Each structure stands twice: as C-alpha cells, then as structure tokens.
Amino acid sequence: MVLNTDTFLKPILFFLEIFGRQNVLRPGDDDEALLQLLECSDIDISSDEDTEEFKETEEEGQEDVPQNEEEEGYTSSDEPLSEIQKRISAEKNKGQKHIFWNKMGQFIPPNIPFSSNPDPSARHEWTPKDYVSMYLDDSDFTNICNCTNIRYFSEKQKNLNLTVDETKTFFGISVLMSCLKYPQIKMYWAKMTKVLSISSAMTRDRYFQIRSNLKVVIDNEISEEQKKADRLFKVRPLIDRILKGCHALPRYPDVAIDEQMIPFFGVCTMKQFVRGKPNPEGLKNFVCATPQGLVLDFDIYQGKNTFLGNKCQNLGVGPSAVVKLSETLSEGTHIYVDRYFTTMGLLEHMLDKNMLVTGTIMKSRLPKSINLTSEKTMSRLGRGSSEQDVRSDNKINVVQWYDMKSVLLTSTALQIEPSDTCKRWSKKDSKYIQISRPNIVKKYNECMGGIDLIDRMISYYRMGAKTKKWTVKTIFHLFDLAIANSWILYRQDKKALGYQEKDILKYVDFKIIIAEHFIQRQVSNENIFPSMCTRNSSSTGKCSPQVSTPKKRKIEHLPIMDSSQKNSVRCKNSKCNGKTKVFCESCRMHFCLTGNKNCYKEFHHK
C-alpha cells in the first residue's frame with residue numbers, strides 16, 4: 001500500500017498548529033483555536049480500528065481523570081458542535097459594536113439636567129473672618145497647639161508653653177508678612193526696618209521656635225499601616241479640614257480639573273517636576289475649580305498608589321484623578337480637562353455617570369478609525385479652518401481647529417457650531433485679523449483657566465518659609481489656599497448682590513483683615529506700611545517722598561521766671577550788662593529776654 005504523504009501529514013500539521021504544546025483546549029482561553037478546529041471538523045483521519053483503540057485507551061485512563069472537573073478547568077456539555085460554535089462566536093463579539101466616525105457629521109449632545117443652584121443671599125451679612133471660618137476655626141488652632149506642644153516636649157523634654165492665642169498670632173504674623181514681602185524674615189524685627197504690629201506681638205526667636213516645631217498630628221498615634229497607606233499622614237488632619245470647607249461650597253455647572261504645584265526644593269519622596277509650570281518643582285496637587293478660580297476639591301499626588309482604591313485605575317493616573325475629583329460633583333456637571341487627562345475611556349466612563357467632559361487630546365490617543373486631515377492640508381486652508389468627526393453612536397465628537405498649528409479637542413457636549421470669530425495677530429500682515437473659532441474652542445478657553453487663576457492669586461502674597469520641611473510648606477500652602485478661596489467666594493457674592501467694585505475689598509486688604517483677626521489686636525496703617533514713600537492722591541499715582549511730622553520738643557532749656565530772687569541778677573551772656581529774673585533751668589543761668597534783647601536765644605544758639 002502506497003501512502004500519500006501530503007494527505008497524511010496535512011491533518012497532523014494542522015492539529016499541531018492549533019494545539020501547539022497543549023494537550024487540551026479550554027473554552028474561554030482558547031476560543032480562537034476551537035473555532036478553527038470546529039470549522040475544519042469535517043476532516044476525518046481516524047479509522048474504525050483507531051476508534052476502537054481510542055475507546056480502550058479512554059476506558060483505561062478514566063482512573064486518572066480528576067473527580068472535580070471544575071478545579072482543573074474542564075467543562076462537560078452535551079451541546080452539538082454547531083451550538084458550541086455559535087456560543088463561542090457570540091461571546092467573542094459580545095459588547096463589540098461596529099463603530100465608525102462620520103466626517104463633518106451632525107452631533108447631538110445629551111440633555112443631562114444640572115440640579116445645584118448657588119444662592120449668595122444666605123451670606124449677605126458675612127464678614128471676611130466668617131468666610132475663612134469655613135476652612136479654619138478654633139478647634140483647628142487648638143489641635144495645632146496641642147500637637148506642637150507634645151512634639152516639643154517629646155524631643156526637648158521641656159515645655160514649649162504654646163497657647164491657642166499664640167498659635168493664632170503666629171499664623172497672623174505669617175499672613176501679614178506675606179503682604180509686606182520683606183526679603184528676609186529677620187528684617188521685621190530689625191531696628192531700622194521693624195514692623196511694630198509684628199515685633200510687639202511676638203519676638204523673633206519665639207516665631208522661629210514655633211515654626212521649627214509646627215505639627216498638626218501626633219506621630220505616635222498613627223499606626224505603621226496608616227503611615228504606609230497614607231504618605232501625607234503628617235498633614236492629613238489639616239488637609240481633611242480644608243477639604244471639608246471646599247466640599248461645603250455650592251456646586252457649579254462648569255468646572256476644570258488641572259495640576260497645581262506646591263513649591264518645595266528640599267528632600268521629599270513625593271516631590272515631582274512638571275515642566276512648564278511657574279513653580280515646576282514641588283508637590284503635585286490635582287485641583288477641581290470653577291472658571292472663577294473657586295476650588296471645590298483637590299487631591300495631593302502621593303505616587304503611583306495615589307488612586308489605588310479607584311475602580312478606574314486602569315485608565316491611567318490622569319483619568320483616575322478626574323474620576324476621583326468628580327465624586328463630589330453633581331450630575332450634569334461639565335468638566336474641562338487638558339491633554340494630560342483626556343482619553344476616550346474617560347469620556348465614556350464619565351458619560352455613564354451622567355457627566356460631560358471636554359478637553360484637548362493627544363493625537364496618539366485617538367482611535368485609528370478617525371481619518372484626520374493632515375496639518376499641512378489644514379495650513380493650506382488657512383487659519384480658522386476646522387473639521388469635525390462624530391462617532392456613529394453620537395456619544396463623542398472630535399474637532400480639529402487650525403490656528404498657528406492644529407489643535408485637537410474632543411467632547412461629549414460641544415461641537416463646532418455655533419462658531420464665532422476671534423482676534424489673532426498676523427505676523428505676515430503685521431496687524432490683528434479676525435479668524436473663525438469653533439464653539440468648543442471658545443468654551444474651553446473660558447472655563448479652563450480657573451486653576452491658573454487661583455495659582456496666580458496665591459503667588460501674589462504667598463506665605464514664605466525657607467525651610468527644609470515639606471510639612472511646613474504644605475501647611476502654609478493650605479492656609480494660602482483657604483484664604484484665597486475665601487476671598488474669591490466673598491468677591492463673587494458681593495458682585496452677585498450688586499455691590500460696586502469700589503466697595504469690594506481687594507485681596508491684599510482682605511488678607512490684612514484676616515491677619516488682624518488672627519493677631520487679635522488693632523493694627524494701624526502706619527505700622528502695616530512702613531515705606532519710604534506715600535501714594536500721591538493725584539491722578540498721576542506716582543510715589544512722592546513722605547513728609548515727616550515735626551517731633552515734640554523735649555522739656556529742657558526752657559526759660560522760667562526766677563521768683564526766688566528778690567532782686568534781678570546780672571545777665572550771663574557776654575557783652576551784656578543788663579539785669580534780669582529770666583532763668584534757664586537746665587543751664588542754671590540768667591539771661592535777658594525782653595522785646596528789645598533776647599540774650600537767652602543768642603546764648604543757646606552759639
């Protein structure tokens with residue numbers, strides 16, 4: 001009998017290709033191999049003898065089959081091959097829809113109602129200290145005072161004797177220093193540059209002593225598990241207190257989420273470097289804020305395990321931060337993010353939570369099925385040209401807009417229309433020109449600057465401390481954040497209640513009032529501003545030299561009448577032979593002082 005090697009080897013090679021080194025194929029893990037096997041199930045390479053031999057072998061090997069088939073991953077079923085094939089194909093295609101993108105298609109955003117409505121009338125009688133008390137109250141200063149005393153005693157075996165009022169005074173002085181901005185802290189107590197409101201409230205050495213021992217938690221009361229789980233445990237009580245005030249604020253329909261840096265140049269395992277930030281080195285803080293700069297929530301980045309408990313950790317650090325900060329927002333909130341946070345998975349996840357997202361996006365994060373026009377072609381179309389790609393399920397929209405270069409944005413709520421125009425500088429024409437701007441670009445620019453605004457307000461009058469302790473820097477930053485947030489809400493309420501701009505406190509004046517409240521004494525303006533020039537009241541606004549007020553004359557060398565002498569005494573001034581009773585009490589001499597002669601003045605001006 002002559003064997004056809006091709007007929008014999010072909011099925012063997014086919015099954016080797018499917019099975020590889022495996023002895024069995026398991027449904028769920030090897031579905032693709034099973035489908036190939038089922039599709040070619042008409043191949044028959046066995047004879048009757050082989051079948052009988054196989055049955056005998058199967059009967060002999062039944063003892064080796066495990067009793068609990070589920071533990072070994074086996075499944076038993078009497079389904080026919082056709083049904084198994086259909087089931088595997090259905091499981092393989094489950095949840096997968098044929099999604100495509102329509103070029104310049106019509107996008108209909110979802111209508112998700114927003115429930116929250118801010119009411120400023122409830123705070124119409126609030127003072128600046130009432131706004132700050134949302135974030136910091138007496139219990140917080142009491143906690144700081146107790147923890148600082150315990151820390152000092154455990155290290156020095158001495159009593160610091162710090163009181164709650166002195167703790168408030170310490171922070172009041174720090175707030176006031178941030179408004180004056182001396183180059184060195186010691187200058188506030190120096191002889192020539194002394195500020196009476198600071199030097200009279202606390203000595204210099206006492207200030208540095210409190211600052212070097214400042215604590216908000218007792219380390220011995222924190223377990224090792226808590227320390228490993230929370231790397232911010234040293235400032236956690238203060239973070240939770242500030243967050244409590246932020247969460248008590250009214251919710252707003254439009255918010256932005258971005259990064260904020262807490263400046264710090266010392267040694268800290270959580271320190272990050274974010275290129276392009278005004279303070280690129282320090283602790284990274286994810287912030288959720290309104291377009292006006294009001295912080296609603298924040299979360300300081302601790303490392304790769306920051307969002308370990310987040311169900312959407314597989315989305316990445318940026319999207320996980322958005323999911324975490326959105327937990328305190330209302331349904332229907334429109335969130336704006338930049339390209340660091342935006343992914344297609346994030347947009348779909350937030351849409352399932354009834355929240356809308358708009359943001360710039362990296363080209364590498366877009367689906368490959370989107371056929372974008374090249375940047376070279378867009379540049380030929382000119383500045384202001386745009387295109388729109390809408391997903392077939394009408395959930396996500398991608399817009400490309402060309403200004404100086406192409407900008408990619410994606411949204412679940414906005415599109416190109418209604419477009420408007422904006423003014424841009426043309427280097428070619430050396431003048432401003434009007435170009436077309438999509439609605440998504442306009443709304444993104446309006447709502448995305450809230451974090452930059454709160455950063456700018458804090459940087460104007462930041463509580464400075466040249467220290468190697470990241471805890472002190474973080475504590476001061478949280479105080480700055482609380483005061484800046486209080487002023488933004490105060491200003492927003494006053495405008496809503498119809499106050500004029502001149503009747504609303506400036507940020508520096510607001511901060512000085514808070515410093516007065518903490519120091520607990522009345523501070524006069526001349527002590528707060530010990531400058532060498534005063535602001536001219538004229539419209540020029542230039543500085544003019546300060547006119548010093550004349551000092552009170554000391555009570556000495558004043559002429560008196562000597563009533564102890566019966567007769568007049570000869571004048572002690574040279575070239576005068578007159579007699580008088582006018583006496584200088586300091587010089588113990590008599591001098592003439594009449595309408596014709598003034599020997600008293602002549603003698604004292606020699």
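Small disclaimer: the values here were computed from a predicted structure and weren't measured. These values consider heavy atoms only, across backbone and side chains, with no hydrogens, waters or symmetry-generated copies.
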Participant: Quick one: does His247's side chain have a donor or acceptor within less than 3.5 Å of a partner on Lys244's backbone?
Facilitator: no
Participant: CZ of Arg365 to OG1 of Thr360: how many Å apart, nearest 0.5 Å?
Facilitator: 9.5 Å
Participant: Going through the checks in order, is the side chain to side chain contact (heavy atoms under 4.5 Å, CB included) test met by Gln260 and Val295?
Facilitator: CA-CA 11 Å; Gln260 181 189 68; Val295 176; 5.6 Å; no
Participant: Of Glu375, Gln388, Glu387, which meets side-chain hydrogen bond (donor to acceptor under 3.5 Å, both in side chains) against Gln400?
Facilitator: Glu387
Participant: Using the ring of each side chain (for Trp, its six-membered ring), is Tyr490 parallel, tilted or perpendicular to Tyr131, with breaks at 30° and 60°?
Facilitator: perpendicular
Participant: Counting C-beta onward and ignoring hydrogens, is there a side-chain heavy-atom pair between Leu414 and Phe107 closer than 4.5 Å?
Facilitator: no
Participant: For the backbone of Lys376 and the side chain of Ser379, can you confirm whether one donor and one acceptor N or O come within less than 3.5 Å of each other?
Facilitator: yes
Participant: Would you please indicate yes or no on a ring centroid separation below 6.0 angstrom for His334 and Tyr336?
Facilitator: yes
Participant: Can Ser374 and Thr377 be counted as having a side-chain donor-acceptor contact under 3.5 angstrom?
Facilitator: yes
Participant: Donor-acceptor pair, distance only, cut-off 3.5 Å: does the side chain of Arg391 make one with the backbone of Ile396?
Facilitator: no
Participant: How far apart are the C-alpha atoms of Ser426 and Lys431, what are their side-chain angles, what is the distance that settles it, and do they pass the side-chain hydrogen bond (donor to acceptor under 3.5 Å, both in side chains) test?
Facilitator: CA-CA 6 Å; Ser426 175; Lys431 64 177 182 179; over 6 Å; no
Participant: What distance do Tyr499 atom OH and Asp493 atom CG have between them, rounded to the nearest 0.5 Å?
Facilitator: 10.0 Å
Participant: Is the closest side-chain heavy-atom distance between Cys179 and Ile512 below 4.5 Å?
Facilitator: yes
Participant: Regarding Ser133 and Asp130, is there a side-chain donor-to-acceptor distance under 3.5 Å anywhere?
Facilitator: no
Participant: Has the side chain of Asp140 got a donor or acceptor atom that lies under 3.5 Å from a matching backbone atom of Asp137?
Facilitator: yes
Participant: For Leu346, does its backbone N or O pair with a side-chain atom of Thr343 as donor and acceptor, under 3.5 Å?
Facilitator: yes
Participant: Do the numbers put Lys473 on top of the ring of Phe264, so that NZ or CZ is under 6.0 Å from the six-membered ring centre and no more than 45° off the axis?
Facilitator: no
Participant: Please answer whether the main-chain N or O of Gly282 pairs with a side-chain N or O of Trp470 as donor and acceptor at a distance below 3.5 Å.
Facilitator: no
Participant: Test salt bridge (charged side-chain N to carboxylate O under 4.0 Å, His left out) on Arg437 and Asp420 and set out the steps.
Facilitator: CA-CA 5 Å; Arg437 177 178 60 177; Asp420 65 346; 2.9 Å; yes
Participant: Can you check salt bridge (charged side-chain N to carboxylate O under 4.0 Å, His left out) on Lys494 and Asp503, steps first, answer last?
Facilitator: CA-CA 9 Å; Lys494 296 302 181 184; Asp503 298 327; over 6 Å; no
Participant: When the ring centroid of Tyr460 is compared with that of Tyr507, is the distance short of 6.0 Å?
Facilitator: no
Participant: For Thr328, does its backbone N or O pair with a side-chain atom of Arg251 as donor and acceptor, under 3.5 Å?
Facilitator: yes
Participant: Quick check: does any side chain N or O of Thr333 sit under 3.5 Å from a backbone N or O of Leu329, one acting as donor and the other as acceptor?
Facilitator: no
Participant: Do Glu348 and Lys395 touch side chain to side chain, with heavy atoms closer than 4.5 Å?
Facilitator: no
Participant: One pair to check against ring pair (Phe, Tyr, Trp, His ring centres under 6.0 Å): Phe298 and Phe286. What are the steps and the verdict?
Facilitator: CA-CA 5 Å; Phe298 65 89; Phe286 294 109; over 10 Å; no
Participant: Answer yes or no: is there a donor N or O on one side and an acceptor on the other, between the side chain of Asn445 and the main chain of Val441, under 3.5 Å?
Facilitator: yes
Participant: Checking Asn397 against Ser411 for the side-chain hydrogen bond (donor to acceptor under 3.5 Å, both in side chains) test, could you report, in this order, the C-alpha distance in whole Å, the side-chain angles of both residues, the deciding distance, and whether it holds?
Facilitator: CA-CA 5 Å; Asn397 177 37; Ser411 176; over 6 Å; no
Participant: Quick check: do Asp297 and Asp299 have side-chain heavy atoms less than 4.5 Å from each other?
Facilitator: no
Participant: Is it the case that Lys511 places NZ or CZ above or below the six-membered ring of Tyr461, under 6.0 angstrom from the centre and within 45 degrees of the axis?
Facilitator: no
Participant: If we only count heavy atoms from C-beta on, is the Asp389 to Lys103 side-chain gap below 4.5 Å?
Facilitator: yes
Participant: I would like to know whether Tyr135 and Asn485 meet side-chain hydrogen bond (donor to acceptor under 3.5 Å, both in side chains); could you show each step before the answer?
Facilitator: CA-CA 9 Å; Tyr135 309 91; Asn485 227 33; 3.1 Å; yes
Participant: Please check if any side-chain donor atom of Lys443 sits under 3.5 Å from a side-chain acceptor atom of Thr358, or the reverse.
Facilitator: no
Participant: Do Lys277 side-chain atoms and Glu259 backbone N/O form a donor-acceptor pair below 3.5 Å?
Facilitator: yes
Participant: How close do Phe476 and Gly464 get, heavy atom to heavy atom, and via which atoms?
Facilitator: CE2-O, 4.0 Å
